[in-house]
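Scroll down for the structure; my scribbles are underneath it.
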There are 2 protein chains.
Amino acid sequence: MRIGELSRRTQIPIRMLRYYEERGLLTPQRAPSGYRHYQEADIEQATLVSSLVRSGLPTRLILPLLRDRQLNPMDGDETDDGDDDLVALFAAEFARLDSQVKCLSFSRSAVQQHLRRLRATRVRHTPTGT
Amino acid sequence: MRIGELSRRTQIPIRMLRYYEERGLLTPQRAPSGYRHYQEADIEQATLVSSLVRSGLPTRLILPLLRDRQLNPMDGDETDDGDDDLVALFAAEFARLDSQVKCLSFSRSAVQQHLRRLRATRVRHTPTGT
DNA sequence: CGTGTAAGGAATTCTGACACG
DNA sequence: CGTGTAAGGAATTCTGACACG
């Protein structure tokens, strides 16, 4: 598929799909026309990248993460060996995401609870509402 | 307790505790000296407010949410009756929080998975590590 | 001993303002 | 709008010392 279709199916702006490619996170083939050509599997990949980017991961961390993912588990080594710095960076990102999820989940349920009560009193006052 | 202790126990900057009060979200008593005096219950309240603020809720929405919370369920009306606008605003916030939680959770588990593999290969290459 | 007090400094808190993205 | 910071002052608390009965 071409970029427009991928954008539509993933809800990711075309601008961002091109940006991901610029950062090496997505590598579509090219038609003679120069049009990008994506595989079905790129839908999943683009979705993952988009999620990570929106979650605040710098693209330079997303790249090694993707490489790791594409490795055959049976393969030995082509990994970022013993990269202590990388491990530390990812550990920090994980901690950040974890606490952010907790904060948002907590807020989400507080808002949900409020919403329920708000609607309850609304109904009580507007019994004729459709 | 005074503002310093509350700040320490909630991990919320003093600056923010003062700001919450300015917005009517926290209403500590005052000592003759002018020092703020907080109750134990303010710990929970401050934590809730902080979470909501960090989650991106505007303080003007947090205020009615708190009021609602403090209402006795048996009481009748003193609520924001039939406030369609409020309901819509909260519904929008809820939707936003919900999708944000999903995005972050997804990213979180992707990073966690990567971290595991990263550590696994690190160990394989550094069997003597402590 | 238990208790009050003056002394000087350190830590805490106050407000109103400016800065930033 | 939420948050940080520098400024200048006021209230609070701390410690070690001296005094008293």
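The structure displayed is predicted, hence computed values, not measured ones. Sequence lines set the chain letters: A, B, ... in the order given, protein chains first and strands last, and positions in each chain run from 1.
When the side-chain contact (heavy atoms from CB on, under 4.5 Å) test is applied to A:F106, the partners found at least two apart in sequence or on another chain are B:L48, B:S51. By the ring-ring contact (aromatic ring centres under 6.0 Å, His included) test, A:F94 is found to be paired with no residue, residues two or more places apart in sequence or in another chain being considered.
In a base pair of the Watson-Crick type (N1 to N3 plus N6-O4 or O6-N4) or a G-U wobble (N1-O2 and O6-N3), with each distance short of 3.5 Å, C:dT3 is matched with D:dA19. Across all strands shown, D:dC14 is found opposite C:dG8 as a Watson-Crick or G-U wobble partner, with both distances under 3.5 Å.
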Ignoring hydrogens and angles, write down the donor-acceptor pairs under 3.5 Å from the side chains of residues 9-20 of chain A, residues two or more places apart or on other chains.
unit_1: A:R9; atom_1: NH1; unit_2: A:E5; atom_2: OE2; d: 3.1
unit_1: A:R9; atom_1: NH1; unit_2: A:E40; atom_2: OE2; d: 3.4
unit_1: A:R9; atom_1: NH2; unit_2: A:E40; atom_2: OE1; d: 3.2
unit_1: A:T10; atom_1: OG1; unit_2: A:L6; atom_2: O; d: 2.7
unit_1: A:T10; atom_1: OG1; unit_2: A:I12; atom_2: N; d: 3.3
unit_1: A:Q11; atom_1: NE2; unit_2: A:R8; atom_2: O; d: 3.1

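Within the nucleic acid shown, B:R8 has no heavy atom closer than 4.0 Å to any nucleic acid atom. As judged by a 4.0 angstrom heavy-atom cut-off over every strand, B:P32 is placed among residues making no nucleic acid contact.
Between the P atom of D:dG2 and the OH atom of B:Y20 lies a distance of 9 Å, rounded to the nearest Å.
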Step by step, work out the side-chain hydrogen bond (donor to acceptor under 3.5 Å, both in side chains) result for A:E44 and A:Q39. CA-CA 10 Å; A:E44 198 193 342; A:Q39 312 291 118; over 6 Å; no

Taking protein heavy atoms under 4.0 Å as touching, what does nucleotides 12-19 of chain C look like 5' to 3' if B marks base contact, S marks sugar-phosphate-only contact and - marks none? BSBB----

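The closest donor-acceptor contact from the side chain of B:S7 to the backbone of B:I3 lies at 3.5 Å or more, if one exists at all. Between the side chain of B:S50 and the main chain of B:A46, no donor-acceptor pair closer than 3.5 Å is present. B:E93 places no side-chain N or O within 3.5 Å of a backbone atom of A:R108 that could act as its donor or acceptor partner.
For the side chain to side chain donor-acceptor pair (under 3.5 Å) condition, the pairs that include at least one residue of residues 26-35 of chain B, sequence neighbours left out, are B:E21-B:R30.
Near DNA chain C, defined here as any heavy-atom distance below 4.0 Å, there are no residues from residues 43-51 of chain B.
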